Amino acid sequence: MTANVAVPSPTKRDEFAPLPPIKAKSRISWSRVLTLVILLWVVIAFVVGAATNERLDWGAVATYLFDPRILEGLRTTLVLTAVSMAIATVLGVVLALMALTKDPTPRAFARTYITVFRSIPPMVQLLFWYFLAAILPTITIGIPFGPDLVTFDTNLLITQFAAALLGLSLGEAAFLAEYIRGGILSVPRGQSEAAAACGLTPAKTFFRVVFPQAIRVILPAYGNSLISQVKNTAMVFVIGAGDLMTEAQLIYSQNFQQIPLLIVVSIWYLVIVVILTQVQRRIENHYSRGYTRRTEKSPARRQPLTADSDRPREVTS
Amino acid sequence: MTATQPTLAETRDSDPIIHVRDVHKSYGQVEALRGVSLQVKRGEVVALIGPSGSGKSTLLRCINHLETPTGGVVQVAGHVMGYAEKRGYLRECNQRTLARQRRSTGMVFQHFDLFAHRTALENVMEGPTSGLGEARGAARARAHELLALVGLAEKAGAYPSELSGGQQQRVAIARALSTRPDVLLLDEPTSALDPELVGEVLDVVTDLARQGVTMVVATHEITFAEDVATTVYFMEKGSVVESGSPREVIRNPVEARTAQFLTHISAARTATT
Ligand SMILES: Nc1ncnc2c1ncn2[C@@H]1O[C@H](COP(=O)(O)OP(=O)(O)O)[C@@H](O)[C@H]1O
Ligand SMILES: [Mg+2]
């Protein structure tokens with residue numbers, strides 16, 4: 001069988017041997033029906049089981065979902081996520097730029113920072129900053145072996161919230177720095193040369209030409225990091241930083257309704273992550289400007305095989 | 001400088017607009033330029049010809065200091081590129097000053113290098129707004145004029161990925177003109193194009209030359225060089241072997257190496273057509 005038999009040309013049809021008529025494929029796929037039945041059964045069994053089990057106190061879930069303490073914890077979780085990501089992003093950009101300069105000193109600094117902070121588990125970092133107050137009652141900024149300039153009381157400086165922020169953002173910055181560095185490197189050198197040739201300063205070149213294009217590459221990894229970070233904030237309950245998990249734990253340590261409260265917490269994390277995923281999709285679409293042809297709105301739309309573009313390429317003299 | 005006319009023909013003085021003085025450039029062991037000197041006067045069209053690797057791109061990139069020469073200096077429109085005078089000495093200048101000096105040149109690259117995340121119009125507006133600090137309104141109006149000049153008025157809203165190679169290169173030419181440079185540097189503007197698209201780009205370049213735009217063009221299009229150039233430089237292994245009018249260099253080359261290169265390239269041309 002040769003491939004050209006499948007595409008009979010209307011004008012030369014007679015030159016080919018006649019084909020048997022084509023019968024359309026059956027619309028019902030039995031394997032798909034079977035998959036549907038099995039998965040539906042699993043889901044229904046789970047939902048019914050969960051709903052009818054009295055020990056899972058759904059009444060308590062409903063009561064605590066909007067409990068003021070839980071909502072206060074939710075607020076803290078959101079603030080922790082937002083502020084720690086903001087710090088990590090700025091620090092990540094700075095580290096990425098340091099790692100990319102020709103100057104060996106900032107490069108070595110960035111490399112060391114990234115290695116150290118990527119290696120230590122965030123939980124350890126969190127506890128480290130929290131207990132730092134115990135061993136270093138004051139932090140002094142001054143000239144080494146010289147006079148002191150400022151002295152802070154560590155216990156005042158490093159509150160639970162501050163320790164949580166440090167623990168969550170310093171390590172995250174190391175990961176983001178690597179994503180950002182990769183994104184910047186993915187922008188072809190010709191782009192920055194063209195910008196320089198247009199009279200843009202290196203700073204303008206970076207912010208107007210390189211970074212906007214790097215963002216497109218960075219965003220998927222960044223979105224994943226943000227979602228991980230939402231969940232990482234739950235760790236701060238070990239230092240009692242007042243997040244969603246801390247509040248839930250405070251409640252169930254008194255009334256022993258661990259499961260309903262953990263369900264409440266899970267529901268809130270699920271809501272946050274679903275919303276963030278939608279936002280991420282929107283932002284990714286925005287930054288794919290110039291990379292996806294706008295005429296191809298839906299990828300499912302079939303293009304005729306012969307037309308290479310749906311807009312005719314005009315001839316200009 | 002005129003505000004609205006996209007033409008660049010201006011006769012301020014008869015000084016060379018570009019003065020390349022004994023420029024050397026090495027990449028480690030590789031000597032890409034071994035002491036090149038050349039002068040370009042206002043309104044002149046200089047064609048750089050020569051085999052691949054002869055240093056044409058490096059020379060163009062040294063003129064606008066995308067590459068820093070390892071020896072010699074380049075003067076463009078009066079300033080010594082990459083240097084600023086301070087108390088009677090020339091000192092290496094900062095990036096901001098260099099960016100300002102670069103505005104006397106516009107560059108067209110072999111692979112277009114349009115800003116991929118910006119439309120054709122935005123590409124042409126970027127230099128005037130972000131580089132020169134012009135108001136967006138004025139820059140937009142001028143960008144529309146420049147796109148019309150290269151025959152792409154109706155493509156203003158298209159992204160580079162939606163344009164053919166020839167169209168992209170014409171937008172790149174408009175972009176290079178957008179900062180009102182004194183001289184246009186073109187590095188093999190048609191080498192990356194499908195043969196049928198070469199003509200539309202060469203037509204635009206020829207038009208600009210006729211309007212008196214000063215340019216330096218590295219090219220393998222010998223016929224174009226012969227028609228449009230006022231001076232031709234033949235380069236080989238980082239040196240200028242021969243220079244003169246197209247009639248001298250292309251029709252009656254003195255140097256054997258020039259003649260050899262020209263026969264080689266015309267043989268290649270007849271083979272493909
Ligand atoms: N960035 C670079 N690093 C190392 N060698 C280079 C670089 N750019 C150019 N060269 C070398 O310099 C020589 C001249 O190159 P080029 O100016 O690109 O020539 P042309 O444009 O005439 O083809 C070549 O031998 C090339 O390999
Ligand atoms: Mg070249």
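Nothing here was measured: the structure is a model prediction, and the numbers come from that model. Scope of the values below: all heavy atoms of this structure, side chains included, with no hydrogens, waters or symmetry mates. Sequence lines set the chain letters: A, B, ... in the order given, protein chains first and strands last, and positions in each chain run from 1.
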Option in B/Gly131, B/Ala116, B/Gly127, B/Gly166 with maximal non-hydrogen atom pairs under 4.5 Å from chain A
B/Ala116

Is it the side chain or the backbone of A/Ala203 that comes within 4.5 Å of chain B heavy atoms, both, or neither?
neither

Side chain, backbone, both or neither of B/Leu132 within contact of chain A (heavy atoms, under 4.5 Å)
neither

Under 4.0 Å between a side-chain nitrogen and a carboxylate oxygen: does that hold for B/Glu200 and B/Arg170?
yes

Just so I understand: if I count every heavy-atom pair under 4.5 Å between each of A/Thr201, A/Leu200, A/Thr205 and chain B, which residue has the most?
A/Leu200

For the interface with chain A, which of B/Gln95, B/Gln101, B/Glu126 has the highest count of heavy-atom pairs at distances below 4.5 Å?
B/Glu126

Toward chain A, the part of B/Phe109 with a non-hydrogen atom under 4.5 Å
side chain

Just how far is it from atom CG of B/Leu33 to atom OH of B/Tyr27, taken to the nearest 0.5 Å?
7.5 Å

Return the option, out of B/Arg102, B/Arg100, B/Met107, with the maximum number of heavy-atom pairs under 4.5 Å with chain A.
B/Arg102

With chain A as the partner, which of B/Arg103, B/Arg96, B/His111 has the greatest number of non-hydrogen pairs under 4.5 Å?
B/Arg103

Chain A contact via B/Gln110 - side chain, backbone, both or neither, heavy atoms under 4.5 Å:
neither

If you count heavy-atom pairs under 4.5 Å with chain A, which of B/Leu185, B/Leu114, B/Leu98, B/Val204 comes out on top?
B/Leu114

